Enquirer: 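After the structure tokens below, expect a handful of questions from me.
Keep in mind the model is a prediction, meaning the values are calculated, not measured.
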Amino acid sequence: MESISFYALMLLLVVATAVAVDGSGYEYDEDLSLSFYRKSCPDLEKIVHHKLKIWFKNDSTLAPALINLHYRDCAVRGCDASILLDHKGSERRAKASASLRGFQVIDDIKSEVEKKCPKTVSCADILASAARDATGAVGGPFWSVPYGRKDGRISVAKEAQSLPSGRERITDLIELFQSKGLNVLDLVVLSGAHTIGRSSCGSLQHRLFNYKGTRKPDPTIDPRYLNFLRRKCRWASETVEMDGVTPKKFDVQYYKNLQKKMGLLSTDQMLYSDSRTASIVSALASQPEVFQQQFAASMLKLGKIVDYSADEDDTEIRLKCSRVNA
């Protein structure tokens, strides 16, 4: 093992045990339990798995979409399914949410769960389970999902607008993650979800044609990759694979791409140029087993985020995921 890989691995272990300072109103929900639905809805995971198998057979791109949907939910107000609410001014209708997909999948699962276990399982728990199974469907790791989340009754579009768009500084991303109780390791590892899925070309056109107002491309992009992206992204409405090498495989190619200056978004590529994250990228690029294990651990942390400032009256078990109960 090269010295940098050994150092990076040690850094991984150190950062993994670090406790983020969080004064934001977010913490981990330690009341979640692996046995929460053991008696009230024992077939929950079987229903989720069966429904996803049918959906993925028809459209495999829904897997990364569901992982992203779970992340977007937990990053705003904690994991309370607020992203699923569909009303004027909701997170779902925010401009930043325009590319989100998978809502019909969750609605379909919820409908089946309500038949078997009425008024029992939250939409937030269904989304957390679906994200886990979606990860496994594309070759990612398995982890046991603890349950007991409640569904929020509040969803505000402007809060969704505060999430990363791909043009932030690494410092901004680190501070955002810390505000949710996540650390630098979680940032780099969860960014690895970009090993699958697609992005709108509108998110990266500034890198291709007018970087920082220079009317020139971002000089950190590999020239051959730049030519490829310019052909693919003539229009902002087009889409492009996040990982240009193995786009449908959940692997460490994403990190290898960063080492070759083939990160799609600015926030991707900067992970390899910032001293706080570069060594972690190097470690993950060379150790796929570490990536798989840590991705499961970081997703588990993500799925436990709760907004403890929320009033109990603002939570419920929704009967339909797209609207609050009457």
Enquirer: Please tell me if the side chains of I317 and V121 come closer than 4.5 Å, counting only heavy atoms from C-beta onward.
Expert: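 In short, these two side chains do not touch, never coming nearer than 4.5 Å.
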Enquirer: For the residue pair I67 and I196, establish whether any side-chain heavy-atom pair is separated by less than 4.5 Å.
Expert: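 Result yes, sub-4.5 Å side-chain heavy-atom pair found.
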Enquirer: Are side-chain heavy atoms of Y211 and I221 found at a separation under 4.5 Å?
Expert: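 In short, these two side chains do not touch, never coming nearer than 4.5 Å.
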Enquirer: Could you grab the distance from atom CZ of R92 to atom OG of S97, nearest 0.5 Å is fine?
Expert: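 OG of S97 is found 10.0 Å from CZ of R92.
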Enquirer: Checking Q253 side chain against T195 main chain: does a donor-acceptor pair fall under 3.5 Å?
Expert: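 Not a single qualifying donor-acceptor pair exists.
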Enquirer: Is H87 atom NE2 crowded by more than 12 heavy atoms from other residues, nucleotides or ligands, each under 6.0 Å away?
Expert: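 For H87, atom NE2 is crowded (more than 12 foreign heavy atoms under 6.0 Å).
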Enquirer: Here's a test for you: under side chain to side chain contact (heavy atoms under 4.5 Å, CB included), which of D151, I154, D73 qualifies with S82?
Expert: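 One option only clears the test, and that one is D73.
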Enquirer: Would a distance-only check, ignoring hydrogens and angles, find a side-chain to backbone donor-acceptor pair under 3.5 Å from S286 to S282?
Expert: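 Yes; at least one donor-acceptor contact below 3.5 Å.
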Enquirer: Could you give me the CA-CA distance, side-chain angles and deciding distance for K116 and D43, then say whether salt bridge (charged side-chain N to carboxylate O under 4.0 Å, His left out) is met?
Expert: CA-CA 8 Å; K116 299 288 181 68; D43 290 334; 5.3 Å; no
Enquirer: Minimum heavy-atom separation for V252 to P288, with atom names?
Expert: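 V252 and P288 have their closest heavy atoms at CG1-CA, 3.5 Å.
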Enquirer: So how far is it from K95 NZ to Q161 CD, rounded to the nearest 0.5 Å?
Expert: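 Output value for this atom pair is 7.5 Å.
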Enquirer: Does any pair with a residue in residues 126-136 pass salt bridge (Lys or Arg N to Asp or Glu O under 4.0 Å), and if so which ones, sequence neighbours excluded?
Expert: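 Qualifying pairs, neighbours excluded: E45-R132.
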Enquirer: Out of curiosity, S322 OG to L85 CG, how far, rounded to the nearest 0.5 Å?
Expert: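 Interatomic distance, S322 OG to L85 CG, rounded to 0.5 Å: 8.0 Å.
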Enquirer: Salt-bridge test for R101 and D59: reply yes if a basic N is under 4.0 Å from a carboxylate O, no otherwise.
Expert: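 So R101 pairs with D59 through a salt bridge.
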Enquirer: State whether the side chain of D172 and the backbone N or O of R169 hold a donor-acceptor pair below 3.5 Å, judged by distance alone.
Expert: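 Side chain of D172 to backbone of R169: a pair is present.
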Enquirer: First locate atom CG of L44, then atom OH of Y147, and finally report the distance between them rounded to the nearest 0.5 Å.
Expert: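 The distance works out to 5.0 Å.
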Enquirer: Report, as yes or no, whether the 6.0 Å neighbourhood of atom CD on Q104 holds more than 12 heavy atoms from other residues, nucleotides or ligands.
Expert: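 12 or below, so no.
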Enquirer: Could K150 and D80 be called an ion pair, given the rule that one side-chain N must be under 4.0 Å from one carboxylate O?
Expert: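 Looking at D80 together with K150, the answer is no, because their closest N to O distance does not fall below 4.0 Å.
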Enquirer: For the salt bridge (charged side-chain N to carboxylate O under 4.0 Å, His left out) test, which of R230, R207, K261 pairs with D218?
Expert: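 Filter result, single survivor: R207.
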Enquirer: Please tell me if the side chains of D243 and K249 come closer than 4.5 Å, counting only heavy atoms from C-beta onward.
Expert: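 The answer is no; the side chains never approach within 4.5 Å.
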Enquirer: Just so I know, are the side chains of H70 and C74 near enough to count as touching, which here means a heavy-atom distance under 4.5 Å?
Expert: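 Yes, close enough: below the 4.5 Å cut-off.
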Enquirer: With a 4.5 Å limit on heavy-atom distance, are the side chains of I83 and V76 in contact?
Expert: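 No, every pair of side-chain atoms sits at 4.5 Å or beyond.
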